There are 2 protein chains.
Amino acid sequence: MAPKTAVYTDRLRKAGLRPTRQRVALAQLLFGRGDRHVTAEGLHEEAAASGVTVSLATIYNTMHQFTRAGLLRDVTVDGARTYFDTNIGDHHHFYCEDDGTLMDIDGAAIAVAGVPTPPHGAKVDRVDVIVRLKRR
Amino acid sequence: MAPKTAVYTDRLRKAGLRPTRQRVALAQLLFGRGDRHVTAEGLHEEAAASGVTVSLATIYNTMHQFTRAGLLRDVTVDGARTYFDTNIGDHHHFYCEDDGTLMDIDGAAIAVAGVPTPPHGAKVDRVDVIVRLKRR
DNA sequence: ATTCTTCCTTAGAATGATTCTAAACTGTTG
DNA sequence: CAACAGTTTAGAATCATTCTAAGGAAGAAT
Ligand SMILES: [Mn+2]
Ligand SMILES: [Mn+2]
Ligand SMILES: [Zn+2]
Ligand SMILES: [Zn+2]
């Protein structure tokens, strides 16, 4: 299939990011195939496999910039590594501790009731629900 | 106040852990003053401040052993560091991203409804709710 | 198109939390 | 008091992530 770089170039510009060769390539890898949970190392390998030369430093820089721009979201479930999530809609996660797998749970499916009023001077930024799984 | 080491010696024995000088001292620091969220480095400093000589390696070993024994629980909210929680009852957390503060939310207060059936071969181990806060 | 300015990329070093190693030490049991 | 298994620890090693500083590329100006 033809590489529709124009789509990503545009998306990056709208997010206030220069559409550099690296950013466009990474955007393509990240957003070109549905919702995904990716680690920096994982994306680095994917890039290499698809013939794109990008340093690991740039992978980290880019993922953080995308996150700041709202194109990506980070998910903290493990401490050992950071996952980046291409699904930026309202949703939660299943996390399988055994194999490190992350799966989405639609935000509309889960209801969290009874969250207390935040302490003085603070406001709720986001409510994360992590359903931790174990092999049966 | 008198150091009631006997209480902790006993608790450790019941958990199948030898009550060594270090473990008893750390148990005392951890469990002697209500519910707390502590990092390894934090506990290390506390130990030093209270005149107890313990290596950082032992702090890590001990915290993990306590966790495996069910005396402690780990909380992953930040990726940069692991928090250990002396509150092992059913509860959730407020996490203030600005200053790294963790606060308990009673488990009975929050209700999570609509958690989908776990994928085949997996069972729910625990459901964590993290209410992320930002300065208003 | 060339120049200019600003932003971006990157190799490699640095960081920092956590884990590992292997040797010395201690609790427990007989 | 042995004697063994379980513990502690200094210091090295890991490993994900961040930092630095120098060269490269994108956009605006000329
Ligand atoms: Mn929801
Ligand atoms: Mn509950
Ligand atoms: Zn997700
Ligand atoms: Zn807690």
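Residue numbers start from 1 in every chain, and the chains themselves are labelled A, B, ... in the order their sequence lines are given, proteins ahead of strands. In this text the structure is predicted, and so the values were computed from the model without any measurement.
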request  = Answer yes or no: does atom NZ of A:Lys123 have more than 12 heavy-atom neighbours from other residues, nucleotides or ligands under 6.0 Å?
outcome  =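 More than 12 within 6.0 Å, yes.
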key: Selection: residues 63-75 of chain A, any non-hydrogen atom under 4.0 Å of DNA chain D   =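 Contacts with DNA chain D under 4.0 Å: A:His64.
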Could you tell me the separation between the [atom1] atom of [X] and the [atom2] atom of [N], rounded to a whole number of Å?
{"X": "A:Glu41", "N": "D:dT14", "atom1": "CD", "atom2": "P", "answer": "16 Å"}
{"X": "B:Ile59", "N": "D:dA10", "atom1": "CD1", "atom2": "P", "answer": "12 Å"}
{"X": "B:Leu17", "N": "D:dT8", "atom1": "CG", "atom2": "C1'", "answer": "14 Å"}
{"X": "A:Asp78", "N": "C:dT18", "atom1": "CG", "atom2": "P", "answer": "12 Å"}
{"X": "A:Leu12", "N": "C:dT9", "atom1": "CG", "atom2": "P", "answer": "10 Å"}
{"X": "A:Asn61", "N": "D:dT18", "atom1": "CG", "atom2": "P", "answer": "9 Å"}

Check every strand shown and say whether [X] touches a base, only sugar-phosphate, or nothing at a heavy-atom separation below 4.0 Å.
{"X": "A:Arg18", "value": "base"}
{"X": "B:Thr9", "value": "nothing"}
{"X": "B:Thr58", "value": "base"}

State whether [X] places a side-chain N or O below 4.0 Å from either non-bridging phosphate oxygen (OP1 or OP2) of [N].
{"X": "B:Tyr60", "N": "C:dT18", "answer": "yes"}
{"X": "A:Thr82", "N": "D:dT17", "answer": "yes"}
{"X": "A:Gln22", "N": "C:dT10", "answer": "yes"}
{"X": "A:Arg13", "N": "D:dG27", "answer": "yes"}
{"X": "A:Thr20", "N": "C:dC7", "answer": "no"}

Please say yes or no: joined through hydrophobic side-chain contacts below 4.5 Å, possibly via intermediate residues, are [X] and [Y] part of one cluster?
{"X": "A:Ile88", "Y": "A:Phe84", "answer": "no"}
{"X": "A:Met103", "Y": "B:Val129", "answer": "yes"}
{"X": "A:Ile130", "Y": "A:Val75", "answer": "yes"}
{"X": "B:Ile110", "Y": "B:Leu102", "answer": "no"}
{"X": "B:Tyr95", "Y": "A:Tyr95", "answer": "yes"}

query = On DNA chain C, nearest-nucleotide positions of B:Arg21 versus B:Thr39: which is more 5'?
reply =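 Counting from the 5' end, the first nearest nucleotide belongs to B:Thr39.
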query = So which one's nearest nucleotide on DNA chain C is more toward 5', A:Gly16 or B:Leu56?
reply =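 Mapping each residue to its closest nucleotide by heavy atoms, the 5'-most match is A:Gly16.
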query = Can you tell if the side chain of A:His92 reaches within under 4.5 Å of the side chain of A:Val131, non-hydrogen atoms only?
reply =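 When only atoms from C-beta onward are counted, A:Val131 and A:His92 do not touch, as no gap falls below 4.5 Å.
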query = Where is the tightest heavy-atom contact between B:Tyr8 and B:Gly32, given as atom of each residue plus distance?
reply =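 In terms of heavy atoms, the two residues are closest at OH-CA, 3.4 Å.
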Among D:dT9, C:dT18, D:dG27, the nucleotide that comes nearest once only the side chain of B:Val54 is considered =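 Given the options D:dT9, C:dT18, D:dG27, the side chain of B:Val54 is closest to D:dT9.
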ask   = Picking from C:dT18, C:dT9, D:dT17, which would you name as closest to the side chain of B:Arg81?
value =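 Per side-chain heavy atoms of B:Arg81, the pick is C:dT18.
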